[in-house]
Amino acid sequence: MNAAIKKAVLRPARNGRYVWLSANPLLLIGISLLFVFMLLALSGWLLAANDPLAVNMAERLKSPSLEYPLGTDHMGRCIFSRLISGARTTLGITAMVLMTVMVIGIPMGLLCGYAGGRIDALFMRLVDGLLALPEFILAIAVAGFLGPSLMNLMLSVVLVKWIGYARVVRGVVMAEREKEYILAARVGGARTFKLLFRHLLPQAVSPVMVLAAFDVGKVILTISSLSYLGLGAQPPAPEWGAMLNDGRPYFQTAPELMLYPGAAIMLVVLAFNLIGDGLRNVLDLKERWRGNPG
Amino acid sequence: MIKNPVLQISGLSVALRAHSGSWIRHLVQGINLTLYPGEMHGLVGESGSGKSITASAVLGLLPGSLGITEGEILLNGKAIHRLPEKAKRRLRGREMACIFQNDQGSFAPFRKIGKQLTEALQAHEKMSSREAREISCEWLERVKLPAQRVFDSYPFQLSGGQLQRTSLAASLMMKPSLIIADEPTTALDVLTAEQILDLLSGLQKKTECAVLLISHDLTSVLKRTDRMSVMYGGHLMESGPTASVRRNPLHPYTKMLLKARPPLDGFMPDRLAAIPGEPGAVADQGCPFAPRCPYRKEACVHMPASGVRADDHSSACLFADPEGGDSIAAVARSDQDREVVWR
Amino acid sequence: MVIILGKRLFQLIFVLFLLSAATFTMMKLAPGDPVRSLLRTDEFLTTQADEAKLRKELGFDLPIVVQYGEWMAGVMQLDLGKSYLTGKPVLDVMASRLPITAQLTGGALLVMLLITVPLGTAAALMPGRWPDHLGRALALIGASVPGFWLGLLLIYGFSYKLQLFPSMGKGGFFHMVLPCFTLGFSLAAVYARLLRNGLLESLSQHYIRAARARGVSERVILTRYAFRAALLPVVTMFGMSIGYLLGGAVVVETLFSWPGLGNMVMDAIFGRDYPVIQGYVLFTGAVVVMINLIVDLSYRAIDPRIRFGKGESA
Amino acid sequence: MPPLLEVIKIGKSYGDSVKVLREVSFQIGAGECLGLVGESGSGKSTITRLILGLDKPDSGEIFVSGQAVHRLKGKALRHSRKHVQVVFQDPAASLNPRLRIWKSVVEPLENFPDVEPKFLTNVSGGQRELAAALLDRVGLGSELLDRYPDQLSGGQKQRVAIARGLSLEPKLLVCDEPTSSLDVSVQAQILNLLKELKEELGISYLFISHDIAAVRFMSDRIAVLKDGQLIDQFAAGDLFSPERHPYTRKWTETPA
């Protein structure tokens, strides 16, 4: 009975597949917010008239002016330009981390999901092991032993995060592997390559996209938190977390030193979370609509 | 002795409601159906015909996005669909019960069957859990199940057939006057399905309760029900005593449905009389079956299908005997010799 | 039941072994020579001989495998070596700090429950109305705001401006409010959403309709059916949030200068105090695995299908 | 000339305890339709998987046009598949949801470029034209070519699956409950289509179903499966003769 009602209520949008964008405000806000940041980050060298690293003690703690749109920090550096180059660093690192994570995780997930058996059992043991070390703690260990640096931080995040993608892809492959369209493809003479990349992997695209959208936010938070603790980006790098840490001693006299980087982090992460939420609603709707019988 | 009807549905319409509260589209329109004690009424239709929505409307379990726009539902003479939720809840299980399609799960997987049965009993009458347990086990015996073991096991430990029998026991033990069986055998294979339906009609005779059997399996409806109604696109196409509908179907859709089934015995045609088009193809106005009806005439597309009455054998088709030619106001030449008025 | 426990315990040992091997190798990879950094802290001129003597004393001249063997033997009897900086056994250092971190995380969990349960339930029971929107907004903010920034804002707002709560140090109830809220808030925001989705999902299950059709009251349906089914995703997530909680504790303890494990490991990192770092990593690893074990066991309690293995017909 | 499909005493069990098939033997001649009737759990789907080479039997042999397929592996197994194709029960799960219809239909031909089915020889142009011809063969218009499966009805999807099954002009098409999840009116359309294609293309069918009436409509011979054993095999005309196995009579008496 539920299927009948669902079918009546969820009639597909008349004008085909591209109405979902307008029907989903979350996705819209997220994308537009992100677009603004992308613009800022890329035009950093254009707008940042001032050098983010140029120390000028005479200009210390200036209030916002034409020359310094957001004023200057305790070392007289232009906050606005530091924020922009900070955006480039943060988004750049996150992109690199996520790229590496997907390059490792997705094929591993495909392999374990499709091959199963010993490889899969080995993978699951590895997962149990690495899951015992939460990202944050591993970052602390790596920073502690190998010295705090952005590279070490990225390494420790990648080391744990790839598992998330491998598990999602593995889950999808295992669920789809016995479905009739896969059996029909095998009977139709499809080779393993076609089964993996034409039939199985595309099913994992939407869950991976949703996971990635939310992961961007998580990675940015992890990197900035650790930089704040002094375990990530080292001064004078204009990384938002580190900037927030520099601003801390002055938070009574010049609270904006602490305000701007924090707000920047939150807005970027919020943008990605909005996109993630929007994507999940859209893809979920398609999933639910595709799922129920005709 | 004239028994007063258990269930009377007149002019029932259900529509899809937009968030703003306005009605978007009608899913079910103008349903008339009467059910007497001890009678089994078959409600037949393909997917998307609205038969399950009608059942949910009677039970008062329509999802939020659907609502009853017009019509009356009388259970033992009392109008029920405008009752407050609390009053409706007291009726459910007590006066009317429901058996669902099996694989959709009639019992919560993480709680023992026993607990779910006694809970339902105690929701209606003050009784000790020991007493509730006894009644439950007694009914589990009646549906030929190892009562003690089933009472203490979890749903996933029972087979499809056993679960459906438990569901039957759960509905009957409160001695409701009406049971709605919504596709009870669809998920079961043929032989188990027959046993369940035998059990249902047997227990129905004993308890004199009325049964509304909703199914897309024409064969079992023809074999077991006293009266039947055929639905298409949210409308009633035909309704009447099952024997009469089987021997002399009035509506083209019913005729073609009966012929579309591969016959088990007797002459085997080389090709089945398939109905062209898809079950979803429903006309927005005029007769809903018009797009797929080979006897379609000019009037069918404009004129709304005539109402199907709940008492005798009548059909919604404007041309009562389409094969007989194009007479519009035709007198139905079925053996009851009633007149079909064209509006 | 016992087999499952056995299997899990084996997994625990295997993971701890993996962990210890990893931390040990990382320690060996660490740049710079711990001996020299140790001697320097004693502020006297070091000679080659002194270094050799200390190296021998600490057993660094033995082949790697033997060092690892000795070290593991020590770990077995909970002897995690001595802190380079303070010379005190790592175990005692951690033992003194543990209750403080436990208090913080406990408080954070309390904050989480106080927000999650009411908000999540209200959002699920009144979809599309203000509790739902509030829940959605909070979830988005909770998942986006950096913990340390939230802490700073709270300090700036409540303790600096309004003088309501102390901004630093460990103490009575008032000392705990801001740190616990900082650590607990984003968790609460995420879990409120999870509980809402879990409840909505379970309320849409067919067996709920079936129970309603049997006349079971809404209250019973909510408590005995819907809540129980909604627990499963929440408990799963909890297994994964432990890492977040411990990580967050490091940040919050540094921010509010609480002398917990988090603070300890930060000092150890900057002081190159490897045994303490190692002790911390091993400890957190063990805690995470233990919590996952408990989560796994509670799985079985919530959903018997897992206990009996799926779909085993009677 | 050896029969098209010869199954000799095949046995199969999953795990050590559950014996799913015991000593099952049957044959299908060229252009013949064998109906296989059985309750769910009787081993029908296992037989399908063994014949399609998706599983290996524990014991017994399977020959397709005299070639032993039950031992084949890798390349040889893949090539043997040209002769045996399949149509499954659930139309919604038979097509890759993220592939346009024409790509799904023409995939087998794409996998075996050397195959040129007789009924497609006069089709000029690329894969899309081949797909259009195949869809037309099963009564579907070319406007469906670029659609996704979720935009089609159950009946349309099953026709696409049949078109795909025919594309290699196989000698045997295994139909595993092809109409069970369809509405009555659509079932009739699909049964008519299958019968039409059999007569025109001379393809043999293994028609599996729990609907005895549909099996009787389609089949020349019928076999009855109970708990993994073939307990009755007979010509379709003898369905009601007295010497039928008691279990078979249970099928014919119930849905009157």
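Heavy atoms closer than 4.5 Å to chain B are found in both the backbone and the side chain of D/Q189. For D/E199, the part lying under 4.5 angstrom from a heavy atom of chain B is the side chain only. Within the 4.5 angstrom heavy-atom criterion, only side-chain atoms of D/F240, from C-beta onward, approach chain B.
With a 4.5 Å cut-off on side-chain heavy atoms, D/L239 and B/M268 do not count as touching. Considering only heavy atoms from C-beta on, D/K195 comes within 4.5 Å of B/D270 through its side chain.
Atom CG of B/L218 is separated from atom CG of D/D183 by 11.5 Å, given to the nearest 0.5 angstrom.
Each of D/H210, D/M218, D/Q187 has some count of heavy-atom pairs under 4.5 Å with chain B, and the biggest count is that of D/H210. Contact count versus chain D (heavy atoms, under 4.5 Å) is highest, among B/R271, B/E278, B/H216, for B/R271.
Considering every non-hydrogen atom in both D/F217 and B/P269, the closest pair reads CE1-O, 3.4 Å. The nearest pair of heavy atoms linking D/A213 to B/P262 is CB-O, 3.2 Å. Minimum heavy-atom separation, B/A260 to D/A188: O-CB, 3.7 Å.
Ion pair D/K250/B/E194 not flagged as a salt bridge, since none of the NZ, NE, NH1 or NH2 atoms sits closer than 4.0 Å to an Asp/Glu carboxylate oxygen.
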